[in-house]
Amino acid sequence: MRTIIPIQPANAPASAAPATPAGVALSAGSGITLTSLPPLSLYVHVPWCVRKCPYCDFNSHELKGDLPEAEYLSALQADLEQALPLIWGRPVVSIFIGGGTPSLLSAQALDQMLAMFRACLTVLPGAEITLEANPGTAEAGRFRDFAASGVSRISLGIQSFSNAALKALGRIHDADQARAAIAMAQAAVPRVNLDLMFALPDQTLDQCDADLAEALAFGTEHLSLYNLTLEPNTVFAKYPPNIPSEDDAAIMQERVADTLAAAGYERYEVSAYARPGKRCLHNLNYWEFGDYLGIGPGAHGKLSFHDRIIRQARLKNPASWMTQVHQRDGSHLAQDDVVPAQDLPFEFMLNALRLRSGVSAATFTERTGVPVSAIAPAVDRAVRKGLLVDDPTRFQATALGWQFLNDLQSEFLD
């Protein structure tokens, strides 16, 4: 099962009121008090790709003509500048440049982008800076230039090493290009992640094993493994391919976990596997209910203040976002809402219970402003059902709870 993290939540409202700068009291707060703020990350959305994959439900748009780098960077700066009052003085622990296909950007554009962030934000020395890349757009020289600009981690959308599977998925690269891109990335940056999928159209268990074996042979410190799902409003939803049954997909999932564990990878999150000390710090901040500012078309964000937590989303259409962001009146925002206090436990657990080790009860109160006593009935129910470990100091799914994660998370909806 591929559980969605809140980089691109679905069904964002079409419009909302403009943001309220930090320090300005809201007339309708969320009724909480935070004694400290969580770590802050930056997410940057680059919406264009060469070709939209039939399974993709992200905010990605096929590029028609040249990539409008100058216009995009100008809009990105305007977006960032308008968000600055919300995050004054807060250090940025990680940056994630996602898409779309960010590796379509020129080395000069990426360098200009990161220079802008350093000029406007307090980016911590050694902050993890990740760039997503498509093997079909990989160039050794460009990867080296990205690294020289400060990118420390490249996440490659490999998906499979089978040419037949890649064709079925609508990918623009083949297996040889995938192998070459991995070598380029490893030569350029110290940390590389490979995104792979299983339960692909007509995939057998042996083919799944072959993909895993080849991925492991490269020795990257991080792997992300996703079960292909047919998401609404995608080509695959309209024209479903022949994918393995739920039972066969579950067998593949188990094989993935067992194989990677034997190879020394820790499954620290539902879909994430890492060697010791090599977890993705940016995504960990999502799962631990940290804060993140999202800029760029369709980007989502979560920001905390002493008396409230807000969620924001930018307009999804790139042209609309680039036009409205220069109005500097908040019209580039599709969503800007205070999260009601009663919704915070579910939002927290939706993220935190994805982590194999869970989170401390103290973190729950620190990040939500909600006392643990408020969720005691839900915790008791989950423990009685065998979904949650019986530990008053920690919220951690049992093996059964991790297997039925949606059921566990739904305990906290009330």
Side-chain angles (χ1 to χ4, degrees), residues 1-4 7-8 10 47-64 98-104 132-138 154-185 192-218 220 223-257 259-260 270-273:
M1 178 190 69
R2 183 179 180 185
T3 308
I4 298 173
I7 294 178
Q8 287 188 308
W48 298 282
C49 57
V50 175
R51 185 172 66 212
K52 181 89 169 180
C53 296
Y55 59 85
C56 178
D57 67 337
F58 291 166
N59 185 39
S60 58
H61 303 261
E62 289 190 12
L63 185 61
K64 308 296 183 184
T101 305
S103 53
L104 287 172
E132 287 188 332
N134 186 317
T137 63
I154 290 178
S155 182
L156 287 167
I158 301 298
Q159 314 315 353
S160 177
F161 292 98
S162 161
N163 282 331
L166 291 170
K167 183 177 180 180
L169 291 172
R171 302 295 290 173
I172 65 170
H173 68 275
D174 60 22
D176 286 340
Q177 287 175 305
R179 298 178 186 109
I182 297 170
M184 292 178 203
V192 176
N193 169 65
L194 306 184
D195 272 355
L196 295 167
M197 288 183 170
F198 61 92
L200 303 176
D202 298 314
Q203 187 179 47
T204 65
L205 185 58
D206 286 345
Q207 291 168 337
C208 176
D209 287 342
D211 270 349
L212 283 176
E214 184 149 10
L216 287 170
F218 286 97
T220 63
L223 296 169
S224 300
L225 274 294
Y226 302 109
N227 183 342
L228 174 64
T229 54
L230 307 186
E231 302 290 352
N233 302 314
T234 63
V235 173
F236 272 3
K238 187 175 182 179
Y239 304 104
N242 180 37
I243 59 174
S245 67
E246 288 189 11
D247 287 344
D248 287 343
I251 292 171
M252 290 182 185
Q253 172 73 86
E254 187 174 348
R255 183 69 64 89
V256 165
T259 300
L260 295 186
V270 171
S271 303
Y273 301 77

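None of these values were measured; they are calculated from a predicted model.
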Open item on the list: Looking at every heavy atom in both P54 and G170, which two are closest together, and how far apart are they?
Closed with: CD-CA, 3.9 Å

Open item on the list: Exactly one of T259, V256, L194 should register a side chain to side chain contact (heavy atoms under 4.5 Å, CB included) with Y273. Which one does?
Closed with: V256

Task: Modelled atom types, side-chain donor and acceptor of S160 and D211, under 3.5 Å - done: yes

Task: Pairwise distance CG(L169) to CZ(F236) - rounded to 0.5 angstrom - done: 5.5 Å

TODO: Quick one: do L63 and T101 satisfy side-chain contact (heavy atoms from CB on, under 4.5 Å)? Show the steps, please.
DONE: CA-CA 10 Å; L63 185 61; T101 305; over 6 Å; no

Open item on the list: Applying salt bridge (charged side-chain N to carboxylate O under 4.0 Å, His left out), can you list everything that pairs with D202, at least two apart in sequence or on another chain?
Closed with: none

TODO: Can you sort out the partners of R255 under salt bridge (charged side-chain N to carboxylate O under 4.0 Å, His left out), two or more places apart, ordered by chain and number?
DONE: D209

Task: Any residue meeting side-chain hydrogen bond (donor to acceptor under 3.5 Å, both in side chains) with H61, in chain and number order, not counting sequence neighbours - done: N59

TODO: Give the minimum heavy-atom separation between I172 and Q177, together with the two atoms involved.
DONE: O-OE1, 3.8 Å

- [ ] Would you give the length of the straight line joining atom CG of L156 to atom CG of N193, rounded to the nearest 0.5 angstrom?
- [x] 8.0 Å

Open item on the list: Could you work out, with salt bridge (charged side-chain N to carboxylate O under 4.0 Å, His left out) as the rule, every residue matching K238, not counting sequence neighbours?
Closed with: none

Task: Minimum-distance pair of heavy atoms, taken over all atoms of C56 and T234 - done: O-CG2, 3.4 Å

TODO: Could you name each residue pair satisfying salt bridge (Lys or Arg N to Asp or Glu O under 4.0 Å) that touches residues 159-185, not counting sequence neighbours?
DONE: D176-R179, R179-E214

Task: Distance-minimising heavy-atom pair for A249 and P244 - done: N-CB, 4.4 Å

Task: Heavy-atom side-chain proximity of I182 to P135 below 4.5 angstrom - done: no

TODO: Would you give the length of the straight line joining atom CD of E132 to atom CZ of F58, rounded to the nearest 0.5 angstrom?
DONE: 7.5 Å

Open item on the list: Let me confirm one number: the CG-CG distance from L225 to L212, rounded to the nearest 0.5 Å.
Closed with: 5.5 Å

Task: Inter-residue atom distance N134.CG - I158.CD1, 0.5 Å rounding - done: 8.5 Å

- [ ] Please collect all salt bridge (Lys or Arg N to Asp or Glu O under 4.0 Å) contacts where either partner lies in residues 239-254, sequence neighbours excluded, each pair once.
- [x] none

Open item on the list: For a side-chain contact (heavy atoms from CB on, under 4.5 Å) check, start with the C-alpha distance between L260 and L216, then their side-chain angles and the critical distance, and finish with the verdict.
Closed with: CA-CA 8 Å; L260 295 186; L216 287 170; 3.5 Å; yes

Task: Worked check of side-chain contact (heavy atoms from CB on, under 4.5 Å) between Q203 and M197 - done: CA-CA 10 Å; Q203 187 179 47; M197 288 183 170; over 6 Å; no

Task: Heavy-atom pair of closest approach, residues C49 and L104 - done: CA-CD1, 3.9 Å

TODO: Would you check if the side chain of S271 reaches a backbone N or O of Y226 as a donor-acceptor pair within less than 3.5 Å?
DONE: no

Task: Backbone of A165 reached by a side-chain donor or acceptor of S162 within 3.5 Å - done: yes

Task: Minimal non-hydrogen separation, A199 against N227, with atom names - done: CB-OD1, 3.4 Å

Task: Geometric class of the F161/F218 ring pair [parallel <30°, tilted 30-60°, perpendicular >60°] - done: parallel

TODO: Could you tell me whether the side chain of E62 and the main chain of K52 form a donor-acceptor pair under 3.5 Å?
DONE: yes

